[in-house]
Amino acid sequence: MRGCGEGTGGRGWPGSRLWAPALANLLIGVVAVIPVGCVWWLVTVYPSAKCSARSCDEEAAEPAFATVYGAALGGLFVLGLILVVDVLLPRQEGWRLHRWLGMAVLVPVPFAVGRALGWW
């Protein structure tokens, strides 16, 4: 329960500084690595699989099915996290919404760092 003036973006509250939205969105980005990795695989690796007009190679078709569903379900989960963390939570606590939504650009950073370091 908040007292008078608490949670309104005053000094010391997590919503009043940039580190809290940045950290929250980077953690969402860590979760987003899985669906983004699935999409990355579908865009880069899957098109080079041996597929003809009638069928695909058995090795190419099997992981594609799981990858599509992994990307779809994981993407919906990440979008739900972004909605809750960047929109609903700040509105409920009375924090400035633009700081949280502005830091949403940090969500793809963990995947980009992993790609740059050659982890996948």
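Values below: all heavy atoms of this structure, side chains included; hydrogens, waters and symmetry mates excluded. We count residues from 1, following the sequence as given.
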Measuring from [X]:[atom1] to [Y]:[atom2], what's the distance to the nearest 0.5 Å?
| X | Y | atom1 | atom2 | value |
| --- | --- | --- | --- | --- |
| W100 | E93 | CH2 | CD | 9.5 Å |
| I28 | L81 | CD1 | CG | 5.5 Å |
| L18 | R99 | CG | CZ | 5.5 Å |
| I82 | N25 | CD1 | CG | 7.0 Å |
| L89 | L83 | CG | CG | 11.0 Å |

Is there a side-chain contact between L26 and P110, using heavy atoms and a 4.5 Å cut-off?
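A side-chain contact exists here, since the closest heavy-atom pair is under 4.5 Å.
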Is L73 close to F77 at the side-chain level, that is, under 4.5 Å between some pair of heavy atoms?
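F77 vs L73: side chains apart.
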Minimum heavy-atom separation for C38 to A71, with atom names?
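Looking at all heavy atoms of both residues, the shortest contact is CB-CB, 3.7 Å.
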Provide the closest heavy-atom pair for V105 versus V109 in the form atom of the first, atom of the second, distance.
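For V105 and V109, the tightest heavy-atom pair comes out as O-CG2, 4.4 Å.
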ILVMFWY cluster, L106 and V113 together (side-chain gap under 4.5 Å):
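Same cluster.
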Answer yes if V33 and W40 sit in the same cluster of Ile, Leu, Val, Met, Phe, Trp and Tyr residues linked by side chain heavy atoms under 4.5 Å apart, and no otherwise.
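They do share one cluster, since a chain of ILVMFWY contacts under 4.5 Å joins V33 to W40.
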Does atom CD1 of I34 have more than 12 heavy-atom neighbours from other groups under 6.0 Å away?
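No, because the 6.0 Å sphere around CD1 of I34 holds 12 heavy atoms or fewer from other groups.
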